[in-house]
Amino acid sequence: MTSNVRVRFAPSPTGFLHVGGARTALFNWLFARKHGGRFVLRIEDTDVERSSQEVIQAIIEGMMWLELTPDEGPFFQSNYGEQHRATARQLLESEHAFRCFCTREALDARRQLAESEGRVWRYDRACLSLTEQEKQRFLRQGGPYAVRFLVPQGTTSFNDFVHGVTEFDNKEIEDFILLRSDGSPTYHLSVVSDDIRMRITHIIRGDDHLSNTPKQILLYRALGIEPPTFAHLPMILGPDKKRLSKRHGAVSVLEYRDMGILPEAMFNFLALLGWSPGDDRQLLSRQELIELFSFEGISRAGAVFDLQKLLWLDSQYINRLSVEELLPRVREVLRRDGLWSDDLDGPRRPWLVSLIELLRPRSRTLWDFATDGRAFLTEDFRVDSEAARKYLGEEDTGQRMAALAEALEKAGDWNPEPLERALRDLADSLGVSAARLIHPARVTLTGKAVSPGIFEVMAVLGRERTLYRLRRAATAAPISIH
RNA sequence: GGCGCCAUCGUCUAGGGGUUAGGACGGGUGGUUCUCAGCCAUCAAACCGGGGUUCGAAUCCCCGUGGCGCUGCCA
């Protein structure tokens with residue numbers, strides 16, 4: 001299906017791709033995909049001081065991670081300054097805009113005066129009533145001027161796809177600046193000029209832009225162009241219900257990648273923040289999301305980012321992905337923890353698959369495979385002191401471990417069932433509960449008080465390593481209790 | 001200050017004139033069990049306040065309160 005739907009994601013490169021930006025990009029992407037339209041990336045880098053190549057790269061990297069691939073772009077707003085100026089000139093010629101010669105100082109003085117008198121300050125249109133001669137004189141003197149938009153009387157309303165009909169009295173809007181006195185275009189001008197050039201049909205953005213919308217609509221009208229449709233998304237908030245910022249919550253979506261979150265889970269999670277499919281489903285694939293997406297499902301209230309739910313969703317994805325999809329990602333974390341060796345993708349691949357299957361039911365992030373998998377991959381693992389104190393403290397623990405090694409060695413097949421039988425038989429003949437063998441064995445074999453079922457652990461750990469560790473426990477100095 | 005937006009369990013939300021106000025995350029309890037996770041069962045937990053309209057309001061309207069946003073020669 002193709003259509004003329006064109007949407008854009010237009011981040012300013014002031015930070016990283018934070019979750020709010022990512023969610024905005026995601027909804028734009030979903031809408032484009034749903035309607036067979038085009039998703040365009042435009043970097044709003046007009047404030048050059050704050051732009052840097054790394055920051056732009058970080059935004060693109062974040063989008064790539066979530067597979068929010070733009071159909072067009074990235075375009076850079078800073079490349080279109082000339083066009084923005086031409087748009088301003090057009091407005092000037094059609095008398096929808098005027099030159100303002102007021103200096104910042106003069107403006108500040110008048111603003112302060114107004115405020116001290118308790119009046120609401122809006123630009124007083126001083127320069128609008130300048131005579132032709134005065135204007136010419138300013139111009140001849142080469143006096144710098146800004147170009148202001150002449151806000152018409154009346155009211156501006158639009159039908160926001162999320163909020164419904166929204167109306168503003170133009171009296172509330174001052175004659176905002178289009179072109180600064182150094183000739184550079186401001187945000188409203190640039191955005192409108194760009195969106196017109198790019199033939200954007202739907203503007204989907206954060207609702208912090210709701211109050212900016214009438215200004216932009218006025219600009220479209222003055223230019224004789226039908227404004228696009230607007231849809232303003234609720235903000236994403238931190239746990240304190242405040243707008244998410246560097247101070248709380250995450251900064252960049254890539255931080256979640258580094259935390260071991262799967263992009264599929266993040267995508268799903270972000271889609272559910274401020275949007276609902278209308279039923280009780282929580283796990284939605286990309287394809288389902290595309291099909292179900294609609295503005296009706298978007299809520300109007302801000303949404304708190306809930307890390308607990310993200311982690312839960314991630315565990316769901318970890319347990320639903322095929323091993324083929326999971327393995328390359330587990331490889332990455334193992335690599336980073338220095339636990340990888342290439343034969344794990346060669347001769348030992350089947351073994352790695354069994355390890356992944358063993359570990360995945362209790363994994364919430366990719367990193368869990370590295371931390372819980374460590375004892376399976378190297379002898380260099382730590383024994384949790386708390387676990388040791390609790391389960392390895394008794395005098396005869398070592399002997400029992402040695403006896404267990406003997407019993408297991410004679411168990412026959414190195415599989416969970418025979419191993420369990422051997423252990424339980426030993427417990428019987430020793431006259432102790434199975435637990436008195438199991439718990440110390442767990443700590444001995446994994447270094448931890450919690451692990452998957454001990455017989456599965458033994459099976460995956462392998463005969464050599466299991467017996468070695470149990471016997472080492474017998475010969476090692478008794479665990480000192482401190 | 002002005003203007004705008006918003007308001008259902010702790011969180012994400014469904015619903016929307018008459019419902020036991022539903023689901024999910026998280027939490028509690030019990031079961032399964034070698035621990036944990038899981039799974040199963042189960043419990044607690046919400047319509048911001050006040051006025052209207054109405055036979056009936058969480059739902060519609062108004063006011064208030066609170067939160068957020070905009071109010072720049074920032075974007």
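Here is how names work: the chains are called A, B, and so on, in the same order as the sequence lines, proteins then strands, and each is numbered from 1. Computed over heavy atoms, backbone and side chain alike; hydrogens, waters and symmetry mates excluded. The structure presented is a predicted model; accordingly, all values stated were derived computationally and were not measured.
- Residue contacts for A:E172: at a heavy-atom cut-off of 4.0 Å it reaches the sugar-phosphate backbone alone, with no base atom in range.
- Taking only side-chain atoms of A:T186, from C-beta outward, the nucleotide of B:A75, B:G4, B:G23 with the closest atom is B:A75.
- Rounded to whole Å, atom C1' of B:G38 lies 14 Å from atom CG of A:D368.
- Side chain to side chain, A:D194 and A:H84 meet the donor-acceptor criterion of an N or O pair below 3.5 Å.
- For A:Q308, taking side-chain heavy atoms from C-beta onward, the closest of the listed nucleotides B:C25, B:C73, B:G2 is B:C25.
- The residue A:S451 sits close to a base: some heavy atom pair falls under 4.0 Å.
- Counting non-hydrogen atoms under 4.0 angstrom, A:S433 reaches nothing in the nucleic acid.
- Using a 3.5 Å distance cut-off with no hydrogens or angles, the side chains of A:Y317 and A:N268 do pair a donor with an acceptor.
- Listed nucleotides B:A14, B:A24, B:U11 differ in distance to A:D306; the shortest reach to its side chain belongs to B:U11.
- With hydrogens and angles ignored, the 3.5 Å screen pairs a side-chain donor or acceptor of A:D124 with a backbone N or O of A:A126.
- Looking at A:R300, its side chain has no donor and acceptor atom pair within 3.5 Å of the base of B:C5.
- Atom name C1', nucleotides B:G49 and B:G67: the rounded distance is 15 Å, in whole Å.
- With respect to the salt-bridge test (charged N to carboxylate O, under 4.0 angstrom), the residues A:R286 and A:E288 do not qualify.
- Look at OH on A:Y187: it is 15 Å from C1' on B:U71, rounded to the nearest Å.
- Here B:C12 is the nucleotide among B:C12, B:C74, B:C5 with the atom lying nearest to any side-chain atom of A:A303.
- Across all strands shown, B:C68 forms a Watson-Crick or G-U wobble pair with B:G4, both key distances being under 3.5 Å.
- When each of A:G297 and A:L179 is assigned the nucleotide of RNA chain B with its nearest heavy atom, A:G297 is the one assigned upstream, toward the 5' end.
- The nucleotide whose nearest atom lies closest to any side-chain atom of A:H163 is, among B:C5, B:G22, B:C25, B:C5.
- Of the listed nucleotides (B:G4, B:C73, B:A37), B:A37 has the atom at the smallest distance from the side chain of A:R362.
- Residues A:D182 and A:V120 each lie close to RNA chain B; by heavy-atom proximity, the contact nearer the 5' end of the strand is made by A:V120.
- Within the nucleic acid shown, A:G206 has no heavy atom closer than 4.0 Å to any nucleic acid atom.
- Taking the six-membered ring for Trp and the full ring otherwise, the centers of A:F305 and A:Y256 sit less than 6.0 Å from each other.
- For the pair A:F176 CZ and B:C3 C1', the computed distance is 16 Å after rounding to whole Å.
- Contacts of A:I177 with the nucleic acid, taken as non-hydrogen atoms under 4.0 Å apart, include base atoms.
- Of the candidate nucleotides B:G4, B:A24, B:C73, B:A24 has the atom nearest to the side chain of A:W312.
- When ring centroids are compared, A:F149 and A:F98 stay outside the 6.0 Å threshold.
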Which letter, B, S or -, goes with each nucleotide of nucleotides 39-46 of chain B from 5' to 3', with contact meaning a protein heavy atom under 4.0 Å?
--------

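- Classification of A:R362 and A:D368 as a salt-bridged pair fails, no side-chain N sitting under 4.0 Å from a carboxylate O.
- Taking the six-membered ring wherever Trp is involved, the centroid distance between the rings of A:Y187 and A:H209 falls below 6.0 Å.
- Using a 4.0 Å heavy-atom cutoff across all strands shown, A:P214 reaches no nucleic acid atom at all.
- Among the atoms of the strands shown, none is found under 4.0 Å from any heavy atom of A:G118.
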Between protein and nucleotides 65-70 of chain B, what N or O pairs are separated by less than 3.5 Å?
| unit_1 | atom_1 | unit_2 | atom_2 | d |
| --- | --- | --- | --- | --- |
| B:C68 | OP1 | A:K242 | NZ | 2.5 |
| B:G69 | O2' | A:D208 | O | 3.0 |
| B:G69 | N2 | A:S211 | OG | 3.3 |

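- Listed by residue number, the members of residues 435-448 of chain A with any heavy atom below 4.0 angstrom from RNA chain B are A:I438, A:H439, A:R442.
- With rounding to whole Å, A:E386 atom CD is found 15 Å from B:C36 atom P.
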